[in-house]
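Reviewing the structure listed below.
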Amino acid sequence: QVQIVESGGGLVQPGGSLRLSCVVSGFTLDDYSIGWFRQAPMKEREGVAAVSSGDGSTYYADSVKGRFTISRDNAKNTVYLQMNSLKPEDTAVYYCTIQRGTTRASSFQIFWQWEYWGRGTPVTVSS
């Protein structure tokens, strides 16, 4: 049974940092791409970052490039999202998601291509 559990969200001041974790169980991550999406109130779910299976290529939304870093530790079946220089507009529920095979820059933000989703962890950036 596939389980995806996110953690690490919380309240942080503008300019601060958070590291989100995503632990996956039920299978090994080696053959899967992993992504992070977020959804703010009254807004559509947005693809934030992804790391592909295979060569480990990473992709980011323009809004987070240079501030967020996605990484994976296949041995621990865990994926991380390091978020720095946080802004109020980063406030959202952050979801971890996986799909078998590779992903790419042109498709990682297409939410229906992702197969399994966690329940999300909330992030609030406010002073």
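On a predicted model such as this, the values are computed, not experimentally measured, just so you know.
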Just by distance, do the side chain of R72 and the backbone of L29 share a donor-acceptor pair under 3.5 Å?
yes
Could you tell me the separation between the OH atom of Y32 and the OG atom of S52, rounded to the nearest 0.5 Å?
13.5 Å
For residues Y59 and T103, determine if any side-chain heavy atom of one lies less than 4.5 Å from a side-chain heavy atom of the other.
yes
Does atom CD (E89) have a neighbourhood of more than 12 heavy atoms from anything else shown, all under 6.0 Å?
yes
When rounded to the nearest 0.5 angstrom, what is the spacing between CZ in R100 and OG in S33?
11.0 Å
Quick one: does I70's side chain get under 4.5 Å of V79's, heavy atoms only?
yes
Checking the side chain of E115 only, and the main-chain atoms of Q99 only, is there a donor and an acceptor separated by less than 3.5 Å?
no
Is there a path of hydrophobic side-chain contacts, each under 4.5 Å between heavy atoms, that joins V64 and F108?
no
Please check: side-chain N/O of T91 versus main-chain N/O of T124, any donor-acceptor pairing under 3.5 Å?
no
Provide the closest heavy-atom pair for Q113 versus S107 in the form atom of the first, atom of the second, distance.
OE1-CB, 3.5 Å
Closer than 3.5 angstrom, by distance alone: can the side chain of D73 be matched with the main-chain N or O of T78 as a donor-acceptor pair?
no
Hydrophobic cluster membership, with links at side-chain heavy-atom distances under 4.5 Å among I/L/V/M/F/W/Y: are L18 and V48 in one?
yes
Euclidean distance, C22 SG relative to I98 CD1, rounded to 0.5 Å
8.0 Å
Kindly indicate, with the supporting measurements, whether the criterion side chain to side chain donor-acceptor pair (under 3.5 Å) is fulfilled by R19 and Y80.
CA-CA 7 Å; R19 188 176 81 156; Y80 304 98; 4.7 Å; no
Taking W114 for the side chain and W36 for the main chain, is one N or O donor matched with an acceptor at less than 3.5 Å?
no
Close side-chain approach of T102 and S53, heavy atoms under 4.5 Å:
yes
Is any side-chain heavy atom of Y94 closer than 4.5 Å to a side-chain heavy atom of M83?
yes
Would you find a donor on one side and an acceptor on the other, under 3.5 Å apart, between the side chain of E6 and the backbone of R119?
yes
Report whether V93 and F111 are members of the same hydrophobic cluster (ILVMFWY, side-chain heavy atoms less than 4.5 Å apart, transitive linking).
yes
Given the rule that I, L, V, M, F, W and Y join up when any side-chain heavy atoms are under 4.5 Å apart, are Y116 and W112 in one cluster?
no
Side chains of C96 and I34: closer than 4.5 Å at any heavy-atom pair?
yes
Do I4 and W117 sit in one hydrophobic cluster, given that two such residues count as connected whenever their side-chain heavy atoms are within less than 4.5 Å of each other, even indirectly?
no
Is a salt bridge present between K87 and D90, judged by a nitrogen-to-oxygen distance below 4.0 Å?
no
Is any side-chain heavy atom of Q82 less than 4.5 Å from a side-chain heavy atom of F68?
no
Return the CD to OG distance between E46 and S63, rounded to the nearest 0.5 Å.
4.5 Å
Quick check with a 6.0 Å cut-off and a 45 degree axis cone: is R45 positioned over the face of F37's six-membered ring?
no
Contact check, side chains of L11 and S126, non-hydrogen atoms, under 4.5 Å
yes
So, S17 and N84: side-chain donor and acceptor under 3.5 Å apart, yes or no?
yes
Measure across A40 and A92 and return the closest heavy-atom pair with its distance rounded to 0.1 Å.
N-CB, 3.8 Å
Which heavy-atom pair separates S85 from R67 by the least distance, and what is that distance?
O-NH1, 3.0 Å
Note, T69 side chain near L81 side chain (heavy atom, < 4.5 Å):
no
